[in-house]
Undergrad: 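Got a structure for you, written out below as structure tokens; questions coming shortly.
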2 protein chains.
Amino acid sequence: MKLNTKSRYAVMALADMSKFPINNPVSLRDISLRQSISLLYLEQIFLKLKKNEIVKSVRGSSGGYVLKRDPKNIKLSEIFQAVDQKVKTVGCKKDSKKGCNGKSVKCITHELWDELDIYINNFFENKNLSDLLMTKERKN
Amino acid sequence: MKLNTKSRYAVMALADMSKFPINNPVSLRDISLRQSISLLYLEQIFLKLKKNEIVKSVRGSSGGYVLKRDPKNIKLSEIFQAVDQKVKTVGCKKDSKKGCNGKSVKCITHELWDELDIYINNFFENKNLSDLLMTKERKN
DNA sequence: TAATACTTGACTATTTTAGTCGGGTATATA
DNA sequence: TATATACCCGACTAAAATAGTCAAGTATTA
Ligand code: FES
Ligand code: FES
């Protein structure tokens, strides 16, 4: 049960961005330097964030990325979804009738994992980007 | 963010066991058949459960494993710990002063992931084996 | 004395993760 | 208008983690 870097970096980078005035393009290079995340990896991540309407890009020199919405309206769940990192606790396909073992019945623990799935998603659903900034005034 | 089979199977197997009268040894072979989990893999898992005092073994023919405690007193968190599958949401070492990026300060998102860590562990802490059986009377 | 069932460490194929690489295109500003 | 900056995009890859398997046991009971 662990979080991957893609999700972690995505949130980290967006949190970094949201400290700057909105409409002020922030370059990936700067984020890369400030947060010590590989620039090339960031590019990959931001492409997805862009496709999912979380940021928009400003090309050319002195360009960068801009949050497409107010940090208050960007839920962590959206960010996760954007970088296609879903929570997966069940062993089976959720929608299918079949169980994780190939049987035609869901296994003994299915309900438990399903509950856990909902529980975790609930956390992401109830947090937005601006929540991150409020905790403390940090400068790193 | 996904759950691995080791944890899933551990809980599944223990849930299977706890449907039988306590002190009645359940063989891994039977669990393997009922739950469609590889016998050899189960052996590996149960070795850890045994070392962590969750089950005890009864050797010899008509032997098997027995829950060491009442299902009510076996928390999911213990099971996870036993198969050393910890929840890891932060990118850094929790106890260290250093951040996930090697810097000497924790990163902007550290508190968030720490909160998530606690949140998830809380789920496991508040569930025990007997909770699983109560949901429905299932027979698989 | 068979058969059953636990014991243990080492080994391995497969999958996932965490990136990198190369070769673009668009735009601002000097 | 040259040039540097910065986004764009698909393909590739090394390394780590996962999900097991294998071999060679030992203990107990019917
Ligand atoms: S987890 Fe869904 S059937 Fe087992
Ligand atoms: S997650 Fe702990 S410092 Fe970044």
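Throughout, protein chains are lettered first and strands after them, A, B, ... in sequence-line order, and every chain is numbered starting at 1.
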Undergrad: Is a side-chain donor or acceptor of B:Asn4 paired with a backbone partner of B:Ser7 at a separation under 3.5 angstrom?
TA: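 Side chain of B:Asn4 to backbone of B:Ser7: a pair is present.
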Undergrad: Would you find a donor on one side and an acceptor on the other, under 3.5 Å apart, between the side chain of B:Thr89 and the backbone of A:Leu3?
TA: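 No, because the side chain of B:Thr89 does not come within donor-acceptor range (under 3.5 Å) of the backbone of A:Leu3.
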Undergrad: Provide, to the nearest angstrom, the distance between the CG atom belonging to A:Asp30 and the P atom belonging to D:dT5.
TA: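 In whole Å, D:dT5 P and A:Asp30 CG are 12 Å from each other.
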Undergrad: Is it the case that the side chain of B:Ser32 and the backbone of B:Ser38 share a donor-acceptor pair, with hydrogens and angles ignored and the cut-off at 3.5 Å?
TA: no
Undergrad: Check the angle between the aromatic planes of A:Tyr119 and B:Tyr119 and answer parallel, tilted or perpendicular using the 30° and 60° thresholds.
TA: parallel
Undergrad: If we fit an axis to the first five pairs and another to the last five of the helix from C:dT1-D:dA30 to C:dA30-D:dT1, what angle do they make, to the nearest 10°?
TA: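 One end axis against the other gives 10°.
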Undergrad: Less than 4.0 angstrom between a side-chain N/O of A:Lys50 and OP1 or OP2 of D:dC8, yes or no?
TA: yes
Undergrad: Tell me whether A:Asn121 contacts the main-chain N or O of A:Asp117 through its side chain, where contact means a donor paired with an acceptor under 3.5 Å.
TA: yes
Undergrad: Measure CZ/B:Arg8 against P/D:dA19 and give the value in whole Å, please.
TA: 8 Å
Undergrad: Could you state the atom-to-atom distance from CZ of A:Arg29 to C1' of D:dA4 in whole Å?
TA: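 Between C1' of D:dA4 and CZ of A:Arg29: 11 Å.
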Undergrad: For the pair made of CG in A:Leu47 and C1' in D:dC8, what is the distance, rounded to whole Å?
TA: 6 Å
Undergrad: Would you mind reporting whether B:Lys106 and B:Glu111 have side-chain heavy atoms less than 4.5 Å apart?
TA: no
Undergrad: Could you check whether any side-chain heavy atom of B:Phe124 comes within less than 4.5 Å of a side-chain heavy atom of B:Ile79, counting everything from C-beta outward?
TA: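 When only atoms from C-beta onward are counted, B:Ile79 and B:Phe124 do not touch, as no gap falls below 4.5 Å.
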Undergrad: Test side-chain contact (heavy atoms from CB on, under 4.5 Å) on A:Leu112 and B:Leu76; report intermediate values, then the result.
TA: CA-CA 11 Å; A:Leu112 171 75; B:Leu76 292 198; 3.7 Å; yes
Undergrad: Does anything in residues 90-99 of chain B pair up under side-chain hydrogen bond (donor to acceptor under 3.5 Å, both in side chains), and if so which pairs, sequence neighbours excluded?
TA: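 Residue pairs passing side-chain hydrogen bond (donor to acceptor under 3.5 Å, both in side chains), neighbours aside: B:Lys94-B:Asp114.
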Undergrad: Taking the nucleotide of DNA chain C with the closest heavy atom to each, which residue, B:Phe46 or A:Ser38, is nearer the 5' end?
TA: B:Phe46
Undergrad: Check the distance between D:dC9's C1' and A:Leu40's CG and give it to me in whole angstrom.
TA: 12 Å
Undergrad: Enumerate all atom pairs, one protein N or O and one N or O from nucleotides 11-14 of chain D, separated by less than 3.5 Å.
TA:
none

Undergrad: For chain B and DNA chain C, what are the first and last nucleotides along the strand, 5' to 3', with at least one atom under 4.0 angstrom from a heavy atom of the protein chain?
TA: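 Result: C:dT4 to C:dA10.
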Undergrad: Stepwise, does the side-chain contact (heavy atoms from CB on, under 4.5 Å) test hold for B:Leu132 with B:Leu129?
TA: CA-CA 6 Å; B:Leu132 282 184; B:Leu129 260 191; 4.0 Å; yes
Undergrad: Between protein and nucleic acid, restricted to nucleotides 15-18 of chain D and to nitrogen or oxygen atoms under 3.5 Å apart, what atom pairs and distances do you find?
TA:
none

Undergrad: Only one of B:Lys68, B:Arg69, B:Lys48, B:Lys127 passes salt bridge (charged side-chain N to carboxylate O under 4.0 Å, His left out) with B:Glu78; say which it is.
TA: B:Arg69
Undergrad: Measuring from the side chain of A:Ser27 (C-beta onward, heavy atoms only), which nucleotide among D:dA6, D:dG10, D:dC8 has the closest atom?
TA: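 Of all the options, the side chain of A:Ser27 is nearest to D:dA6.
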Undergrad: Looking at residues 54-65 of chain A, who's got a heavy atom less than 4.0 Å off DNA chain C?
TA: A:Arg59, A:Gly60, A:Ser61, A:Ser62
Undergrad: Any side-chain to backbone donor/acceptor pair from A:Asn52 onto A:Ile54? Under 3.5 Å, distance only.
TA: no
Undergrad: Report yes if some heavy atom in the side chain of B:Val26 is under 4.5 Å from a heavy atom in the side chain of B:Arg34; otherwise report no.
TA: yes
Undergrad: Stepwise, does the side-chain contact (heavy atoms from CB on, under 4.5 Å) test hold for B:Glu43 with B:Leu28?
TA: CA-CA 7 Å; B:Glu43 291 186 339; B:Leu28 293 188; 3.7 Å; yes
Undergrad: Check whether any side-chain N or O of B:Lys88 sits under 3.5 Å from a backbone N or O of B:Val90 as a donor-acceptor pair, and report yes or no.
TA: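 Checking the backbone N and O of B:Val90 against the side chain of B:Lys88, a donor-acceptor pair under 3.5 Å is found.
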Undergrad: Checking B:Tyr9 against B:Ile31 for the side-chain contact (heavy atoms from CB on, under 4.5 Å) test, could you report, in this order, the C-alpha distance in whole Å, the side-chain angles of both residues, the deciding distance, and whether it holds?
TA: CA-CA 10 Å; B:Tyr9 291 169; B:Ile31 298 178; over 6 Å; no
Undergrad: From NZ of B:Lys6 over to C1' of D:dG20, roughly how many Å is that when rounded to an integer?
TA: 8 Å
